[in-house]
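Taking it in order: structure first as structure tokens, then the write-up.
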Amino acid sequence: MPVAARRVRALAATMTVLSLVGCSTRVTVHQGPNQPPSATTGSTGQGSAAPAPTQLPNPPSAPTNLTAAQSNPVEDSYYPQRGEPYLDTLHYGLSLDWRPSTRTLTGRATITFRVTEDRSELQFDLGSALTVRSATVDGRPATTKRGPDTLVVSATVPKGTQHVLVVDYGGTPATTVAPSKRGDQTDGLGFTIEPDGSAWTMQEPFGAFTWYPVNDQPADKAFYDATLTAHEGQKGVFNGVPGQEQVSGDTSVRQFHLDQPASSYLTTVAFGPYTLATDKGPNNLPLYYWYREGRSDSANTIAGLRQTPQILQYLESVLGPYPFASAGSVMVPGDSAMETQTLNTMGQSTATQEEYFLPTLAHEYAHQWVGDVQSPADWRDVWLNESLALFVQAKYEDHADITPYDITMGGYKSMDQQLRRESGPPGKYHKDDFAASNVYVCGAVMYDAMASAYGEKFWAALKSWSTVRKYGNVTRDDLIKHFSTTIGVDLKPWITKWLESETTPTEPPPALPS
């Protein structure tokens, strides 16, 4: 997610107005690579009553080897009401049907999971606006009960064993309140429905539960496959590589595959009148741009998206090889942006602000390395994602001749103390002020000090950082250990002070041993 740009500029009077640069990268429109469908059995079972749903295609089956998705979930220290520490989901097979005229989502979730303790009940997060029709565990009917935005499934599952839960559900999703004061989150988190019947989602630190049953916390990563059915001329969009679209009348069906495990906040879904454009990035990386033709800002939008190959090329020079099988963005009717895995979710208003679009794209693409390939184990450490992404964004803006780095960083330094006073230190931010500017700016200033002090040693540590617990979860201790070891100096006392001090630290980074 980008820092709230209007807020940053209001505080940093020394920063200049940005300008964008153009490019003539060729983009072609097509339907994506062919992906043959695969089947997973979904059974009926005992559950609360609901109207009969649309007939759903079966979700794609889980990969044979799910080892990479084994996580060590913990109870989140900031938002413990979401997610269960004993539950390790391994794969979500989602079949979603959206009908815009009735605002109805019909879903089937096939969830492969394991537990880290003996359980007789399993609790998943699921929005109260959605009604559960049936549930089965390993093909046997399971009794369910509902709590506030939760689904409790009765099932005897021993510690360490793997099982499959199938949930059929439906209704009109509702957003959830964000633990934030940001102006771009006033409409809530999760599944957002527009007046024209289109829909989209952003969900950091939580909100995936508004549209599917999930262990909605960052420490639990899983593989994802989805089959999306859209009606009335709309198209469905999901993370990852899109398969061949099947069209019948005004109905579109398409499968999507996400190649590496993802935390739930990094999933995305959108329904609307989308056009798919494709491109190639570094090393022939497949790029997918989902946008709406016919808008007054369509030309600006596609011109900005065409900068993706150049943005990724620069980011690879700083952060190392791109870590996923595809990249791209989906444009949605919103004000913010989100680093959803492999496919950024970009608010359309970011494209109308010419001084904002390319830096925001660079920020969200940087997150693919910093936050997606390795995600925080606890929301206390959201600065792990945002500080580095903002620091790299500032370097990209300088590289692309948008804003000189010294001007950007000078503005950030002037803001540090005020942000700590308003929202807390970046590593101990106020729990009702999630993703405030402090977790971006204060840490970016810290990295600037490290880069100035250590030069090439710092850049080597940054470039190899995404290989630590790759495709898993990291903590601040992991980062401190990596940078200390790679640079050759104990950074723990200095970094800890930067993260937890109520006032801006004045001490320089510790000197390298002679």
Side-chain angles (χ1 to χ4, degrees), residues 1-7 79 82-83 94 96 98 105 125 127 129 149 173-195 198-212 214 216-218 224 226 228 236-240 256 258 262-272 274 289-292 301 328-353 356-357 360-361 363-368 371-372 375-376 379 382 385-386 389-390 433-437 439-440:
M1 183 180 293
V3 67
R6 299 180 185 90
R7 169 78 167 141
Y79 308 112
R82 298 272 70 91
L94 302 177
L96 303 174
W98 174 245
L105 179 71
D125 300 299
D149 291 329
T175 58
T176 189
V177 176
S180 175
K181 299 172 184 175
R182 289 176 57 132
D184 56 3
Q185 291 189 336
T186 55
D187 293 332
L189 299 172
F191 199 93
T192 302
I193 304 171
E194 296 293 325
S198 61
W200 54 278
T201 184
M202 289 187 196
Q203 51 212 14
E204 186 183 20
F206 47 73
F209 70 85
T210 63
W211 51 286
Y212 66 99
V214 59
D216 206 358
Q217 57 149 288
Y224 281 84
L228 269 54
V237 182
F238 194 80
N239 304 73
F256 295 81
L258 193 55
S263 298
S264 56
Y265 82 97
L266 296 172
T267 58
T268 193
V269 71
F271 293 95
Y274 282 102
Y289 312 141
W290 298 88
Y291 69 103
R292 301 181 182 206
T301 297
S329 296
V330 55
M331 304 301 301
V332 302
D335 295 326
S336 190
M338 184 66 206
E339 63 270 20
T340 39
Q341 193 159 307
T342 72
L343 188 74
N344 299 322
T345 305
M346 303 294 298
Q348 191 65 51
S349 68
T350 65
T352 63
Q353 304 171 58
Y356 189 28
F357 193 34
T360 303
L361 275 173
H363 184 99
E364 305 309 343
Y365 281 126
H367 271 307
Q368 301 301 318
D372 292 16
S375 305
W379 279 125
V382 64
N385 300 357
E386 301 301 351
L390 189 65
D433 206 1
F434 179 81
S437 297
V439 301
Y440 298 76

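Positions are given from 1 along the sequence.
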Smallest separation among heavy atoms of [X] and [Y], with atom names:
{"X": "Ser336", "Y": "Arg182", "result": "OG-NH2, 3.8 Å"}
{"X": "Ala208", "Y": "Thr267", "result": "CB-OG1, 4.4 Å"}
{"X": "Gly347", "Y": "Met202", "result": "N-CE, 4.0 Å"}
{"X": "Pro376", "Y": "Asn385", "result": "CD-OD1, 3.4 Å"}
{"X": "Asp149", "Y": "Gly127", "result": "OD1-CA, 3.4 Å"}
{"X": "Met346", "Y": "Glu364", "result": "SD-CG, 4.0 Å"}

Within-4.5 Å side-chain heavy-atom neighbours: Pro205 and Leu189: yes
Roughly how far apart are [X] [atom1] and [Y] [atom2], rounded to 0.5 Å?
{"X": "Asp335", "Y": "Thr350", "atom1": "CG", "atom2": "OG1", "answer": "9.0 Å"}
{"X": "Phe191", "Y": "Thr176", "atom1": "CZ", "atom2": "OG1", "answer": "15.0 Å"}
{"X": "Ser180", "Y": "Gln185", "atom1": "OG", "atom2": "CD", "answer": "4.0 Å"}
{"X": "Trp98", "Y": "Leu105", "atom1": "CH2", "atom2": "CG", "answer": "6.5 Å"}
{"X": "Thr340", "Y": "Asn239", "atom1": "OG1", "atom2": "CG", "answer": "5.5 Å"}
{"X": "Asp184", "Y": "Met338", "atom1": "CG", "atom2": "CE", "answer": "11.5 Å"}

Please check if any side-chain donor atom of [X] sits under 3.5 Å from a side-chain acceptor atom of [Y], or the reverse.
{"X": "Asn344", "Y": "Gln368", "result": "yes"}
{"X": "Thr268", "Y": "Thr201", "result": "no"}
{"X": "Thr301", "Y": "Gln348", "result": "yes"}

When the aromatic ring centroids of Tyr265 and Trp379 are compared, is their separation below 6.0 Å? yes
Less than 6.0 angstrom separating the ring centers of Trp290 and Phe238, yes or no? no
Check step by step if side-chain contact (heavy atoms from CB on, under 4.5 Å) holds for Trp211 and Leu96. CA-CA 9 Å; Trp211 51 286; Leu96 303 174; 3.7 Å; yes
Is the Phe206 ring parallel, tilted or perpendicular to the Phe209 ring (thresholds 30°, 60°)? tilted
Does the plane of the ring in Tyr212 sit parallel, tilted or perpendicular to the ring in Tyr224? Use 30° and 60° as the thresholds. perpendicular
side-chain contact (heavy atoms from CB on, under 4.5 Å) between Leu258 and Thr342, intermediate numbers included: CA-CA 8 Å; Leu258 193 55; Thr342 72; 3.7 Å; yes
